[in-house]
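What you see below is based on every heavy atom in this structure, not just the backbone, and it leaves out hydrogens, waters and symmetry mates.
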2 protein chains.
Amino acid sequence: MANLSEIARLTNVSISTVSKVLNGKGRVSEAKRKEILRVARQLGYTPNYHARSMARKSKILTVGLIVPDIINPFFASLTRGVEKACGEDSLVILMDSFRNLEREEKLIKNARFFGIDGIIIGNSRVSDDLVEEISTYIPVVVFDKFYELDNVVSIVLDNRYGAYMATKHLIENGCKNIVHLGGTHELYVSLERARGYEAAMNEASLKPVVEPVGYNESVGYEGMKRLLELGFQIDGVFCMNDLVAIGAIKALKEKGLRIPEDVAVIGFDNDKELCEIVDPPLSSIHQPVEEMGEVAAKLLFELIKGNSKIKRYVFTPRLVVRQSSLKKVKT
Amino acid sequence: MANLSEIARLTNVSISTVSKVLNGKGRVSEAKRKEILRVARQLGYTPNYHARSMARKSKILTVGLIVPDIINPFFASLTRGVEKACGEDSLVILMDSFRNLEREEKLIKNARFFGIDGIIIGNSRVSDDLVEEISTYIPVVVFDKFYELDNVVSIVLDNRYGAYMATKHLIENGCKNIVHLGGTHELYVSLERARGYEAAMNEASLKPVVEPVGYNESVGYEGMKRLLELGFQIDGVFCMNDLVAIGAIKALKEKGLRIPEDVAVIGFDNDKELCEIVDPPLSSIHQPVEEMGEVAAKLLFELIKGNSKIKRYVFTPRLVVRQSSLKKVKT
DNA sequence: TTGAAAGCGCTAACAT
DNA sequence: ATGTTAGCGCTTTCAA
């Protein structure tokens with residue numbers, strides 16, 4: 001690889017003259033300037049990034065973004081937001097753990113060795129201890145969980161409120177027997193959503209029924225089937241996410257139930273592509289994921305610069321009504 | 001930031017002794033070793049990545065992955081594949097152009113200034129000149145287009161064959177009047193698919209009808225609607241991708257046509273989540289995207305090392321039959 | 001077992 | 001206008 005000294009040698013000038021020309025600083029005679037540029041181009045010279053970073057005071061910021069699954073639209077949107085906030089002069093190092101928690105924790109542990117200036121952790125399953133440890137070395141932004149640590153800021157969605165809204169919406173549409181598919185203990189957000197559901201049910205003096213399921217279509221399908229076979233009378237379903245809702249809809253249809261006439265359904269996440277494609281279009285709770293990614297990156301930059309005023313940033317979800325929840329209300 | 005010399009000062013040893021301890025090389029007395037480790041931990045020492053990269057011969061490879069839209073499952077899967085191939089000891093710098101070609105070209109042009117050792121370009125809309133220029137500085141892997149350049153290798157899917165398979169499948173299922181939604185001139189792959197469609201139609205002495213559309217649901221919907229309103233007799237539709245197919249299905253249903261009984265439909269890309277959720281489940285042409293990403297990264301590493309034997313790697317698509325194309329065949 | 005010193009490629013302050 | 005030089009933080013060879 002060509003470097004400054006080689007160009008200097010070939011053009012009979014000093015290294016610093018070459019540096020000046022290539023950076024457009026200082027004054028250099030036209031003749032030398034042209035010659036230097038010519039040789040540099042001919043050699044295919046590219047400045048050495050690491051040498052630059054060392055010698056310069058102003059660095060290019062590098063943020064490590066750790067996600068469990070880049071194929072999941074949620075994390076893809078998050079990534080998009082982070083990229084947006086990074087603009088021209090920061091780099092995003094994407095680290096996908098392939099849904100493997102062990103790999104994820106290793107990635108987080110190693111992040112600091114890669115010239116990364118701060119990390120954004122896209123999910124809440126990583127251990128508190130790890131977050132505490134890594135944050136002594138490097139600024140951290142985490143999602144969905146609050147930490148009382150110096151070098152950490154949290155981005156949280158008010159999941160409880162979102163779930164509350166969803167449930168209340170079903171109630172206002174005339175549902176009495178509303179079940180919730182979700183609430184496994186594995187994910188913090190899952191628990192929060194279950195709580196919001198319960199709150200709305202209790203407020204309306206209705207009996208909450210929670211069927212614990214994970215986060216994909218098949219568990220939604222199975223969970224719904226289980227409930228139906230148990231003989232529950234159901235006229236509304238609040239699902240912990242859209243995929244689960246899609247599975248549930250499938251199970252409901254198989255039993256000959258009409259949506260929303262017999263059973264109203266609502267999901268969570270508002271994955272547009274999915275929600276609009278299902279039949280009937282699925283109502284859902286929208287979280288501003290992309291914006292959350294942007295804010296995460298901006299807060300991380302503040303943290304890196306040392307101006308960490310904010311410790312926690314709460315986003316409020318929004319109800320998006322489509323057909324699946326619009327049961328005719330008897331007034 | 002703590003550095004070696006600070007630790008050295010605090011422990012009254014030389015920098016090189018500290019370096020040895022921290023890297024587990026050479027022999028150092030137990031006493032000093034412990035002390036050094038203790039101080040390093042206390043100071044929250046993290047080695048300076050750039051300094052390391054400069055001093056060491058063996059580098060951590062850094063690959064720049066440029067995609068037009070990380071939210072598109074295609075590119076998300078591609079990214080996943082690249083990440084997989086990178087494993088523990090290479091970094092992926094993700095650069096999303098937000099579907100902005102200008103931004104994309106800028107990203108590519110600047111990649112070499114960021115310590116990136118090679119780039120993977122995830123789409124074929126970038127100009128040939130740019131690929132040629134950048135490849136004089138840095139190894140490049142491109143998708144979907146072949147270049148006769150030294151420092152470039154191409155990964156291509158046999159789009160034509162995929163389209164041919166899809167069309168032939170419809171023909172074998174008894175369709176006679178098959179239209180194609182796709183074939184805009186903007187994308188190379190789009191043209192290739194249209195060609196494959198035409199080949200299959202000609203082979204069966206059927207008349208090809210191409211309705212040019214882009215790549216999302218709404219254009220599929222509009223395109224299909226246009227054709228129907230023009231009064232075409234249609235019993236089969238081959239769409240340039242799954243989203244277009246979903247739009248087309250919507251338009252067909254609105255006209256009261258049954259799928260697949262009246263009209264058989266097939267897409268391209270085999271976005272599993274989408275295909276399985278649509279009603280009826282959508283047949284499609286599968287491309288092994290993740291694997292393509294893995295191969296791209298591996299070939300890039302070879303290119304970086306200088307062992308570029310392969311200039312081009314062709315993947316063969318696969319037909320995935322679901323219900324949407326299974327018209328009863330009169331035998 | 002320990003340390004001095006060279007060097008990685010670059011920038012920038014300071015001569016000349 | 002041009003060059004000299006001192007770092008940036010680390011690894012590594014070589015000498016003590």
Side-chain angles (χ1 to χ4, degrees), chain A residues 1-41 43-62 89 110 112-117 137-138, chain B residues 1-37 39-40 43-62 89 110 112-117 137-138:
Chain A
M1 251 313 185
N3 58 21
L4 287 197
S5 69
E6 189 174 350
I7 299 178
R9 193 164 49 73
L10 258 36
T11 52
N12 296 312
V13 298
S14 74
I15 293 185
S16 57
T17 302
V18 178
S19 173
K20 277 168 199 156
V21 170
L22 262 23
N23 290 294
K25 298 188 179 177
R27 346 222 115 271
V28 178
S29 74
E30 233 355 71
K32 299 209 173 198
R33 143 174 244 90
K34 285 206 165 166
E35 174 66 356
I36 288 171
L37 251 23
R38 199 183 59 72
V39 173
R41 192 144 18 201
L43 258 42
Y45 170 78
T46 290
N48 181 307
Y49 172 67
H50 299 299
R52 259 201 180 159
S53 301
M54 288 211 60
R56 280 183 171 163
K57 26 208 94 211
S58 78
K59 285 179 34 96
I60 286 189
L61 254 31
T62 306
D89 31 45
N110 290 332
R112 68 195 176 100
F113 300 116
F114 297 135
I116 288 173
D117 301 297
Y137 293 109
I138 199 174
Chain B
M1 251 315 187
N3 56 22
L4 287 197
S5 70
E6 190 174 353
I7 300 178
R9 193 166 48 72
L10 259 35
T11 52
N12 295 312
V13 297
S14 75
I15 292 185
S16 54
T17 302
V18 178
S19 172
K20 278 168 199 155
V21 170
L22 262 25
N23 290 295
K25 298 188 177 176
R27 341 222 118 272
V28 178
S29 73
E30 232 357 70
K32 299 209 175 202
R33 141 174 246 89
K34 286 206 165 167
E35 175 66 357
I36 289 171
L37 251 20
V39 173
L43 257 43
Y45 170 78
T46 291
N48 181 308
Y49 172 68
H50 299 299
R52 258 201 180 160
S53 301
M54 286 208 59
R56 279 184 172 165
K57 25 209 97 209
S58 77
K59 284 176 36 89
I60 286 188
L61 253 34
T62 306
D89 30 44
N110 290 331
R112 68 194 176 98
F113 300 115
F114 297 134
I116 288 173
D117 301 297
Y137 294 108
I138 200 174

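- Against DNA chain C, the stretch residues 44-58 of chain B makes heavy-atom approaches under 4.0 Å through B:Met54, B:Ala55.
- For the atom pair A:Tyr45 OH and A:Leu22 CG, the distance stands at 5.5 Å (nearest 0.5 Å).
- Look at CD1 on A:Ile15: it is 16 Å from C1' on C:dA13, rounded to the nearest Å.
- Between A:Lys32 and D:dT2 there is a side-chain polar atom (N or O) within less than 4.0 angstrom of OP1 or OP2.
- In terms of heavy-atom proximity, B:Thr62 sits nearest to B:Gly115 at CB-O, 3.6 Å.
- For the OP1/OP2 pair of D:dG3 and a distance below 4.0 Å, the side-chain nitrogens and oxygens of A:Thr17 include at least one atom meeting the criterion.
- Separating the CZ atom in A:Arg52 from the CD1 atom in A:Ile60 is a distance of 8.5 Å, to the nearest 0.5 Å.
- Checking the phosphate oxygens (OP1, OP2) of D:dT2, a side-chain nitrogen or oxygen of A:Ser29 falls inside 4.0 Å.
- Counting distance only, with no hydrogens placed and no angle test, the side-chain atoms of B:Ser16 and the base atoms of D:dT11 include no donor-acceptor pair under 3.5 Å.
- Here the straight-line distance linking atom CG of A:Leu61 with atom CG of A:Asp89 works out to 8.5 Å at 0.5 Å rounding.
- From B:Asn12, atom CG reaches atom OG1 of B:Thr17 across 11.5 Å, with rounding to the nearest 0.5 Å.
- Atom CG of A:Asn23 and atom P of C:dC10 are 10 Å apart (whole Å).
- Nucleic acid contact class of A:Lys25 (heavy atoms, under 4.0 Å, all strands): sugar-phosphate only.
- Protein atom CD1 of B:Ile7 is 8 Å distant from nucleotide atom P of D:dC10, rounded to whole Å.
- D:dT11 atom C1' lies 14 Å from atom CG of B:Asn3, rounded to whole Å.
- A salt bridge links A:Glu35 and A:Arg38; the closest N-O separation between the charged side-chain nitrogens and carboxylate oxygens is under 4.0 Å.
- If you measure from atom NZ of B:Lys59 to atom P of C:dG9, you get 11 Å, rounded to the nearest angstrom.
- Rounded to whole Å, atom C1' of C:dG7 lies 16 Å from atom CG of B:Leu4.
- In this model, the phosphate group of C:dC10 is not approached by any side-chain N or O of A:Ser19 to a distance below 4.0 Å at OP1 or OP2.
- Across all non-hydrogen atoms, the minimal contact from A:Ala8 to A:Ile15 is CB-N, 3.9 Å.
- The separation between A:Glu30 atom CD and D:dT2 atom C1' is 15 Å, rounded to whole Å.
- Rounded to an integer number of Å, the gap from CD of A:Glu35 to C1' of D:dA1 is 17 Å.
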